[in-house]
Peer 1: 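Take a look at the following structure, please.
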Amino acid sequence: MINIKENERLNTLNHSCAHLLAQAVSHLYPNAKFWVGPVIEEGFYYDIDLGDEVIKEEDLAKIEKEMKKISKDGKRIVRNEISKAEALERFKDDPYKVDLISRMDEEETTISTYTQGDFTDLCRGPHVETVKELKNFKLIKHSGAYWKNDAKNKMLQRIYGVCFDNPEDLEDYLRELQEARERDHRKIGKDLDIFMTSSLIGAGMPLWLPNGAVIRKNLENYIYKKERSLGYDHVYTPCVGTKQLYVTSGHWDHYQKNMFPLMKVDEEEFVLRPMNCPHHMVVYKNKLHSYRDLPVRIGEFATDFRYEASGAVKGLERVRCMCQNDAHLFVRPDQIGEEFKSVVNLILEVYKDFGIKNYKFRLSLRDPEDKKKYFDDDEMWNTAEAKLREVLNELGVEYFEAVGEAAFYGPKLDVEVKPAVGPEVTLSTCQLDFLLPRRFELNYVDSDAEKKTPVVIHRAIFGTFDRFTAFIIEETKGAFPLWLAPTQMVIVPVNSEIHSDYAYQVKEALAKEGYRVAVDDRNEKLGYRIREAQLKKIPVQIVVGDGEIAEGAVNIRRFGVQGNTTLKLEEAIKAFKEETDKFTC
């Protein structure tokens with residue numbers, strides 16, 4: 001979906017349309033007072049104080065009608081410059097505009113306004129030439145919004161809209177918007193009982209419901225199986241650490257603003273951990289290592305906590321409490337290339353299994369001019385960045401470089417994935433680190449009997465289970481593959497009184513093989529029960545009646561697939577196992 005804010009023409013068009021909206025509202029609601037109307041990625045909005053009146057859904061059509069009427073008049077949009085004193089006088093009856101003007105720097109001797117017909121608004125611009133250009137718009141939704149985003153202030157009414165140059169682009173955008181609504185993991189997550197949020201628990205702290213717990217556990221089992229086959233050892237470490245742990249790692253200096261506040265217990269200072277690498281450094285240091293022991297691969301499904309602004313929190317995609325599919329590989333310098341390749345190959349293998357095709361690799365480098373954000377050691381950075389380029393070139397992987405996107409301790413390879421809707425998201429990451437092993441004084445005994453410092457590769461294949469689940473929900477619209485679905489199969493007897501016994505026999509046989517199966521033998525019509533299974537997006541519906549009982553068979557219907565197939569029960573189980581065994585432990 002196009003980012004309207006970043007498109008110069010659309011930015012100007014939507015900025016102007018926000019004024020058109022305000023003008024229409026001023027006609028329909030003469031006592032309205034206006035706060036701000038910025039352009040956003042999805043179009044524009046305007047925050048308005050309507051006193052005791054409340055905008056309803058049906059009022060949007062009335063406002064749109066007035067906007068079209070104004071647009072047809074074709075008035076020119078005229079810029080004027082006035083002094084701060086003149087601006088305060090001009091908008092003296094609107095306390096919101098007076099607040100804006102009063103907070104402007106004194107050196108701003110001139111303030112710009114834009115006038116179209118009978119409406120004048122405070123604005124820097126730019127705007128289109130005439131309101132006639134504002135024909136292809138749509139008001140999308142409305143909501144409440146606190147003045148200045150402060151819950152202590154008055155609740156204003158926010159109206160969202162979007163504007164394009166031609167009706168075709170508007171129609172395409174609205175179609176994409178509808179598609180985005182249908183794929184929104186927050187809606188699907190609620191409809192399918194995958195996760196919930198509660199203000200009593202706190203923003204950004206999702207609760208995984210039983211269906212969501214099944215999905216997450218299967219993702220954990222899937223990646224655990226792959227990691228074990230590659231020689232990973234898994235650990236459990238605490239969700240807290242002392243302040244000194246993060247001082248030692250360097251995160252306290254570089255990452256503190258993203259951490260939750262300190263907690264004091266028995267004169268010690270603790271913090272909820274935002275990442276797992278310091279803990280894994282301590283795990284590695286627990287025993288003496290020989291060069292023959294390396295690489296040491298430490299993995300963990302670890303719960304971390306990071307402070308996100310409340311406005312940035314979004315479902316499972318952006319949270320304050322997350323579970324990372326994390327691992328740290330402790331390697332000799334001569335092993336960097338092979339281990340890094342192994343991580344990239346694992347990423348590619350996982351993406352193939354999940355059908356993820358639209359992605360690109362980003363080599364995230366430091367900004368050498370920024371001495372505060374990054375550990376100051378030019379030799380270390382040059383060595384690390386050169387090594388990553390060398391490995392990527394050997395792999396023949398296409399990538400682009402992004403200066404200023406590295407971690408404070410080293411460069412990294414991020415995988416940016418284009419989801420079905422919305423902007424790109426970073427799922428997987430692989431980072432090279434020469435710094436933390438030095439800070440924690442890690443070592444191994446080399447072949448020459450000398451102690452050497454290992455290099456650490458930080459990597460997360462799924463990123464977090466939270467964001468990866470959000471991504472998969474939106475990719476599939478909640479129609480999960482058979483191996484991942486919370487309920488994999490539902491057995492529907494044609495006649496609940498006559499065929500239920502056989503339905504439960506089929507369920508028992510499938511449950512013995514580890515499948516998550518339900519029987520729907522309610523006293524409802526067969527078509528109704530099948531449709532309900534479809535609405536729940538259960539991958540397999542198995543219908544059993546007289547013919548299936550006589551043949552020891554099952555009639556299989558797949559979600560989203562026309563037609564059905566009848567197989568002997570043993571054959572059906574064999575087919576299901578061929579489909580799912582690859583993904584399960």
Side-chain angles (χ1 to χ4, degrees), residues 14-40 42-73 75 77 82 84 86-104 111 113-124 127 131 134 137-163 174 177 181 186-187 190 197-200 203 309-311 313:
N14 280 266
H15 201 162
S16 303
C17 203
H19 284 222
L20 181 67
L21 164 65
Q23 185 177 8
V25 169
S26 72
H27 289 178
L28 298 171
Y29 305 88
N31 294 322
K33 292 178 172 53
F34 301 94
W35 171 226
V36 289
V39 177
I40 55 177
E42 300 84 12
F44 64 87
Y45 69 77
Y46 218 123
D47 285 347
I48 307 165
D49 183 353
L50 295 177
D52 294 331
E53 295 195 70
V54 178
I55 293 285
K56 302 182 184 66
E57 192 68 32
E58 55 267 28
D59 294 328
L60 296 184
K62 179 175 68 174
I63 297 170
E64 280 184 347
K65 184 177 179 181
E66 183 65 20
M67 290 171 70
K68 288 175 181 176
K69 179 181 173 183
I70 297 168
S71 176
K72 284 180 182 177
D73 284 346
K75 292 287 192 298
I77 301 174
I82 57 179
K84 190 170 183 178
E86 289 172 320
L88 287 169
E89 175 63 26
R90 174 68 181 79
F91 294 99
K92 64 183 180 182
D93 295 327
D94 191 326
Y96 302 103
K97 297 298 183 186
V98 168
D99 178 80
L100 279 173
I101 297 164
S102 299
R103 290 189 291 111
M104 290 180 180
I111 294 171
T113 65
Y114 283 83
T115 299
Q116 50 198 58
D118 60 1
F119 181 76
T120 298
D121 205 353
L122 187 73
C123 188
R124 288 191 175 93
H127 286 272
V131 293
L134 309 173
F137 61 82
K138 180 69 179 173
L139 298 185
I140 305 296
K141 61 179 179 178
H142 65 95
S143 67
Y146 290 111
W147 182 38
K148 299 182 182 179
N149 289 324
D150 188 338
K152 297 176 183 176
N153 290 336
K154 184 173 183 178
M155 176 73 77
L156 305 181
Q157 297 187 62
R158 178 173 292 179
I159 302 175
Y160 293 86
V162 67
C163 186
L174 294 177
L177 204 60
R181 289 193 187 110
R186 293 167 295 183
K187 179 183 184 302
K190 181 179 179 181
T197 57
S198 166
S199 58
L200 194 60
S310 58
V313 166

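We count residues from 1, following the sequence as given.
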Peer 1: Taking C-beta and beyond as the side chain, do Val98 and Leu88 meet within less than 4.5 Å on heavy atoms?
Peer 2: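 With C-beta onward as the side chain, the pair touches.
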Peer 1: Tell me whether Gln23 contacts the main-chain N or O of Gln116 through its side chain, where contact means a donor paired with an acceptor under 3.5 Å.
Peer 2: yes
Peer 1: With no hydrogens and no angle check, is any side-chain donor or acceptor of Asp150 less than 3.5 Å from a backbone partner on Lys152?
Peer 2: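 Between the backbone of Lys152 and the side chain of Asp150 there is a qualifying donor-acceptor contact (under 3.5 Å).
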Peer 1: Return yes if some donor-acceptor pair links the side-chain N/O of Thr120 with the main-chain N/O of Thr115 below 3.5 Å, else return no.
Peer 2: no
Peer 1: Donor-acceptor check, side chain of Gln157 to backbone of Gly144, threshold 3.5 angstrom: yes or no?
Peer 2: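 No: the side chain of Gln157 does not pair with the backbone of Gly144.
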Peer 1: Shortest non-hydrogen contact from Gly51 to Asp49?
Peer 2: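 Heavy-atom minimum between the residues: N-OD1, 2.8 Å.
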Peer 1: One thing to verify: whether Asp99 and Arg103 come together as a salt bridge, which I'm taking to mean a side-chain N less than 4.0 angstrom from a carboxylate O.
Peer 2: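 So Arg103 pairs with Asp99 through a salt bridge.
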Peer 1: Salt bridge or not between Arg158 and Asp47? Use side-chain N to carboxylate O under 4.0 Å.
Peer 2: yes
Peer 1: Looking at side-chain heavy atoms only, is the closest gap between Tyr160 and Ser143 below 4.5 Å?
Peer 2: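 The answer is yes, as the side chains (C-beta and beyond) meet within the 4.5 Å cut-off.
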Peer 1: Mind telling me whether His15 and His127 have parallel, tilted or perpendicular rings, with 30° and 60° as the class edges?
Peer 2: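 The arrangement is tilted - the two ring planes meet at 30° to 60°.
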Peer 1: Taking it one step at a time, do Phe119 and Leu20 satisfy side chain to side chain contact (heavy atoms under 4.5 Å, CB included)?
Peer 2: CA-CA 9 Å; Phe119 181 76; Leu20 181 67; over 6 Å; no
Peer 1: Between Tyr46 and Asp121, does any side-chain donor sit less than 3.5 Å from a side-chain acceptor?
Peer 2: yes
Peer 1: If we count only N and O atoms by modelled type, under 3.5 Å, do the side chains of Asp118 and His27 hold a donor and an acceptor together?
Peer 2: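 Side chains of Asp118 and His27: pair found under 3.5 Å.
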Peer 1: Minimum heavy-atom separation for Asn153 and Tyr146, please, with both atom names.
Peer 2: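 Looking at all heavy atoms of both residues, the shortest contact is O-CD2, 3.3 Å.
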Peer 1: Side chains of Phe44 and Pro38, heavy atoms from C-beta outward: is any pair under 4.5 Å?
Peer 2: no
